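Whatever order the structure lists them in is the order used to number ligands and atoms, beginning at 1. If you read the sequence from its start, that first residue is 1, and numbering goes on from there. This is a predicted model, so every value here is computed, not measured.
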Amino acid sequence: MNPVYFDHAATTPVDQEVLDAMMPYFSEHYGNANSAHQFGRDCKVAIEDSREQIAALIGAEPSEIIFTSGGTESDNAIIKGVFEALSRAGKTEIITSPIEHHAVMHPAEALKRQGATVTYLQPDSNGVISADQVQNAISDKTAVVSLMHVNNEIGSINPIGEIAAVCSEHKVPFHSDTVQSIGKIPVNVKDLGLSALSISAHKLYGPKGIGVLYVKNGTPWIPWLQGGSQERRRRGGTSNVPGVVGLAKAMELSMAHMDDMTRHFNVLRKAVMNGLNKKFGGRFVINGPENDGVPHILNIGFVTSGSDPLDGEMLLLNLDIEGICVSNGSACTSGAMEPSHVLKGIGQTDAIGNASIRVSFGKQNTVEEVNYFIEKLDGILERMMTTVS
Ligand SMILES: Cc1ncc(COP(=O)(O)O)c(C=O)c1O
């Protein structure tokens, strides 16, 4: 069996069609999109066509699409930029949650050190924040609300349309990190009423190091990366032309095949659940939603009968030896021995949090791979559980 890659929430391979679209922009059309000559113009056209295409795919205006280096930059730029614009008018509160990606949490914490108030809304045990919670927390001091659409570790889905309606009623900008939802579930900024969202290409079979920050026209926001006049002076830096072209293609393909993919992921998820129930009934829990989340993310915590918890890091390494690649939390935090902040945030115990793995499917995964995973997991857990209890 070839290596089994079950870590698509961390990153995905670049799709061949995406790569084909990008290739001419490395060494054939290699101009600087800001140059006035024909080499520059070719690239400018490619960038503006991609901008229009991406805007249409999410229901935005082209002028509202800003190319960035990915999800981390988009999250930082919007939170810091809205806060800078509004704190001058006495709006110094940021409302977010304790289970956001660190690309949202760390900028919020950095602003806290500079005097911001950060309010964390407590998610339920499935990782969901309600619009009522936002309604109760929001005030005339709130500068920005940032709550993710799909959680990268447990796959929970926030009701961001309802949350956006509350924010809009209070005239507070609402940003949603949609890095894990774009191409997986419908995202349309007009239907949802978002002020801002973040996209990253490498989560949807596009290249790494390119993404989008959508900012609705009229949103108070001060761009933070100064430099050249690119992106209408909202994000300096020579344009990543192959990246932009690849991102547009990746979004087009993932949105076109979204329904087929959902069906495919449901089949794989069901196969994992059947295997888990058959082999480990009563000895595992699903962290986050079992049925109401995105189907391609499954976070499994193992329950031991002995007093020593199972070591999730060891489990991950043992699976890796068998050629199965999963994650023990967000890829960005792997290496840390603490249970992930997301599992802690939904109230999971340290013992189960530390004994949890995240499986995230992609389009090439098969039921045979799921069966292989369950079989190997069985052997590994048998050995590990005998050792701990
Ligand atoms: C929800 C979420 N936001 C932001 C990011 C960061 O995106 P990027 O890797 O493009 O910086 C990730 C990546 O793990 C993510 O899952």
Side-chain angles (χ1 to χ4, degrees), residues 5-14 18 54 65-80 96-110 123 127-129 146-158 160 174-185 187 194 196-214 224-225 235 237 240 242-244 246-248 250-251 254 287-289 293-294 296-299 325-336 340-343 345-346 358-362:
Y5 185 75
F6 278 166
D7 204 12
H8 294 82
T11 198
T12 55
V14 175
V18 171
I54 291 169
I65 301 294
I66 301 160
F67 292 113
T68 66
S69 64
T72 302
E73 184 187 327
S74 298
D75 288 348
N76 269 265
I78 194 70
I79 290 166
K80 293 179 175 171
T96 185
S97 88
I99 64 166
E100 297 300 303
H101 192 273
H102 284 145
V104 165
M105 291 188 73
H106 290 168
E109 283 156 24
V128 178
I129 310 273
S146 181
L147 293 167
M148 69 205 315
H149 196 187
V150 166
N151 185 279
N152 49 303
E153 291 193 34
I154 56 173
S156 51
I157 306 173
N158 272 325
I160 59 169
F174 175 46
H175 163 253
S176 188
D177 178 330
T178 57
V179 164
Q180 296 285 351
S181 62
I182 291 275
K184 305 293 189 316
I185 56 176
V187 177
L194 301 179
L197 63 71
S198 307
I199 299 175
S200 174
H202 74 96
K203 308 288 184 183
L204 31 101
Y205 302 89
K208 294 168 181 61
I210 185 77
V212 159
L213 172 61
Y214 153 80
W224 73 311
L225 195 56
R235 199 279 186 182
N240 174 357
V244 165
L247 167 60
M251 280 181 65
S254 59
N287 297 310
V294 287
H296 70 291
I297 297 180
L298 197 49
N299 197 309
C325 306
V326 299
S327 166
N328 59 341
S330 164
C332 312
T333 56
S334 66
S340 87
H341 70 285
V342 174
L343 298 185
I346 59 168
R358 177 189 68 185
V359 170
S360 51
F361 307 122

Nearest-option assignment for atom 15 (C) of ligand 1, heavy atoms, candidates H202, E153, H101, K208: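 Going through H202, E153, H101, K208 one by one, H101 has the nearest heavy atom to atom 15 (C) of ligand 1.
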
Closest candidate by heavy atom, reference atom 16 (O) of ligand 1, pool H149, E100, Q180: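 Checking each option, the heavy atom nearest atom 16 (O) of ligand 1 is found in Q180.
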
Hey, which atoms in ligand 1 end up nearer than 4.0 Å to a heavy atom of [X]?
X	value
S200	8 (P), 10 (O)
G70	10 (O)
K203	12 (C), 13 (C), 14 (O), 16 (O)

From D7 atom CG to R358 atom CZ, the distance as rounded to the nearest 0.5 Å: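 Answer rounded to 0.5 Å: 5.0 Å.
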
Nearest-0.5 Å distance that lies between atom NZ in K208 and atom OG in S200: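 The OG atom of S200 is 9.0 Å from NZ of K208, to the nearest 0.5 Å.
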
Mode of V179 contact toward ligand 1 - side chain, backbone, both, neither (heavy atoms, under 4.0 Å):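 The side chain, only.
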
Close N or O approach (M148, ligand 1; < 3.5 Å): no

Under 3.5 Å side-chain donor-acceptor pair for S156 and N151: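 S156 vs N151: no donor-acceptor pair found between side chains.
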
Check: H149/T178 side-chain N/O donor and acceptor closer than 3.5 Å: no

Within-4.5 Å side-chain heavy-atom neighbours: I199 and Y214: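 Answer no - side chains too far apart.
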
Residue pair F174 / L147, side-chain heavy-atom distance below 4.5 Å: yes

Min heavy-atom dist E73 to ligand 1 below 4.0 Å: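 E73: no contact with ligand 1 (<4.0 Å).
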
